[in-house]
Protein chains: 2
Amino acid sequence: MKLINRDVDYAARALTFMARANKPTVSVAQMQEQVGVSGPFLRKIMQKLHKAGIVHAVKGKGGGFAMARNPDKVTLKQLMETLQGPLRLNDCVFGEKICQRHAACVLRHKIAGIESRLLAEVAAVTIKDLA
Amino acid sequence: MKLINRDVDYAARALTFMARANKPTVSVAQMQEQVGVSGPFLRKIMQKLHKAGIVHAVKGKGGGFAMARNPDKVTLKQLMETLQGPLRLNDCVFGEKICQRHAACVLRHKIAGIESRLLAEVAAVTIKDLA
DNA sequence: GGTTAATGATACCACACGGGTATCATTCTG
DNA sequence: CAGAATGATACCCGTGTGGTATCATTAACC
Ligand code: FES
Ligand code: FES
């Protein structure tokens with residue numbers, strides 16, 4: 001059971017790096033050594049962050065990426081949602097069609113509670129906390 | 001990100017069934033319809049639970065499985081550990097060898113905190129709660 | 001305007017894992 | 001001995017994840 005995958009891990013590092021850098025833009029080439037990952041792979045991650053509006057990108061020579069919001073406005077939860085898909089820990093493994101117990105299912109109920117508390121926790125961690 | 005997988009889900013149902021049944025032993029054949037899973041698959045799960053000492057097994061005609069402890073002594077955490085491996089949400093994705101920052105890493109620190117609270121939650125849910 | 005340095009967009013690959021089935025061996029009851 | 005149950009394995013297959021490669025596009029600088 002993984003809470004976060006590598007994408008999220010690398011993204012957290014890259015963003016932390018950017019937050020500390022305090023430059024207008026940071027290129028992948030400048031980050032890759034510190035982050036400790038190959039250039040192409042890091043680019044793919046940054047592109048996803050770009051699509052999600054977490055960073056903005058400047059193309060062309062001298063370009064790179066920059067944070068689109070303040071570091072304390074970017075949460076771990078957002079990174080997880082962006083890079084590993086929507087965060088539903090467990091809706092019933094069987095579709096609601098098959099499962100008659102859905103409403104009454106105690107296990108699902110318990111897990112829903114755990115889930116909501118977990119989400120609150122990952123939403124409370126920001127890049128600022130990491131930098 | 002899945003909190004529990006199907007094995008755990010089915011196991012929870014099967015154990016709940018057994019807890020309510022209150023018979024000396026329950027065979028897979030008796031459970032499979034209620035649990036909603038094929039016989040062979042459920043057997044594989046039960047065998048793992050047996051190895052883990054959560055149920056005991058009686059072979060031969062008239063045999064089956066029975067809970068080895070009281071339902072309030074079997075926790076969701078134990079099922080998860082048994083059926084999906086040890087529960088470390090995230091030790092550093094890179095081995096400790098590569099990662100120099102291990103001790104200082106803020107992200108790891110945050111996640112460790114989240115993890116311990118999550119484990120406490122899954123350890124608090126017992127089969128008795130579900131039955 | 002051409003070269004170079006950067007991102008954008010895809011397409012692809014290889015491996016591990018999860019979910020599930022099949023098969024044969026073993027043990028107990030009657 | 002026959003039948004009913006678990007024990008132990010071995011296998012399969014679809015999907016997800018980590019990672020690479022390639023080409024297109026944009027902007028700066030000489
Ligand atoms: S099994 Fe479907 S909700 Fe519990
Ligand atoms: S990256 Fe290794 S512990 Fe943070």
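A note on names: the letters A, B, ... follow the listed sequences, proteins ahead of strands, and every chain is numbered from 1.
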- Message: Just the rounded figure in Å: distance from C1' of C:dT3 to NZ of A:Lys61.
- Response: 8 Å
- Note on the structure: The correct set of residues in residues 43-58 of chain B placing a heavy atom under 4.0 Å from DNA chain C is B:Lys44
- Item | Contacts of type side chain to side chain contact (heavy atoms under 4.5 Å, CB included), residue B:Ser116, not counting sequence neighbours | none
- Query: Which residue pairs pass the salt bridge (charged side-chain N to carboxylate O under 4.0 Å, His left out) test when at least one of the two sits in residues 116-131 of chain B, sequence neighbours left out?
  - Reply: A:Arg117-B:Glu121, A:Glu121-B:Arg117
- Item | Length of the line joining B:Phe41:CZ and C:dT23:P, which is rounded to integer Å | 18 Å
- Just how far, in rounded Å, is C1' of C:dG18 from CE of B:Met80? 15 Å
- Note on the structure: Which of D:dG18, D:dT6, C:dT21 is nearest the side chain of B:Ser38? It is C:dT21
- Query: Quick one: which of D:dG18, C:dG18, C:dG8 gets closest to the side chain of B:Lys2?
  - Reply: C:dG18
- Query: With a 4.5 Å limit on heavy-atom distance, are the side chains of B:Gln34 and B:Arg13 in contact?
  - Reply: no
- Item | Value in whole Å for how far the P atom of C:dG19 lies from CG of B:Asn5 | 5 Å
- Task: Mind checking side chain to side chain contact (heavy atoms under 4.5 Å, CB included) for A:Thr25 and listing every partner two or more places apart, or none if nothing turns up?
- Result: A:Val58
- Specify the separation, in whole Å, of atom CD1 of A:Ile4 and atom P of D:dG18. 11 Å
- Rounded to whole angstrom units, what separation is found between the CG atom of A:Asp9 and the P atom of D:dG18? 10 Å
- Message: Using whole Å, what does the distance between atom C1' of nucleotide C:dT7 and atom CD of A:Gln32 come to?
- Response: 14 Å
- Query: Taking it one step at a time, do B:Met46 and B:Leu49 satisfy side chain to side chain contact (heavy atoms under 4.5 Å, CB included)?
  - Reply: CA-CA 5 Å; B:Met46 294 310 293; B:Leu49 295 182; 4.1 Å; yes
Output side-chain donor-acceptor pairs under 3.5 Å for residues 61-84 of chain A, partner residues at least two apart or in another chain, one line each.
| from | atom 1 | to | atom 2 | distance (Å) |
| --- | --- | --- | --- | --- |
| A:Arg69 | NH1 | A:Lys73 | O | 3.3 |
| A:Arg69 | NH1 | A:Gln78 | OE1 | 3.2 |
| A:Thr75 | OG1 | A:Lys77 | N | 3.4 |
| A:Thr75 | OG1 | A:Gln78 | N | 3.1 |
| A:Gln78 | OE1 | A:Thr75 | N | 3.1 |
| A:Thr82 | OG1 | A:Gln78 | O | 2.8 |
| A:Gln84 | OE1 | A:Asn5 | N | 3.1 |
| A:Gln84 | OE1 | A:Asn5 | ND2 | 3.3 |
| A:Gln84 | NE2 | A:Leu3 | O | 2.9 |

- Measure from CZ on B:Phe65 to C1' on D:dT6 and round the result to the nearest Å. 6 Å
- Item | Selection residues 45-58 of chain A - residue pairs positive for salt bridge (charged side-chain N to carboxylate O under 4.0 Å, His left out), sequence neighbours left out | A:Asp7-A:Lys48
- Task: Map A:Val37 and A:Gly62 onto DNA chain D by nearest heavy atom, then report which one ends up closer to the 5' terminus.
- Result: A:Val37
- Query: Looking at the side chain of B:Lys59, which of D:dG7, C:dG20, C:dT7 is the nearest nucleotide?
  - Reply: D:dG7
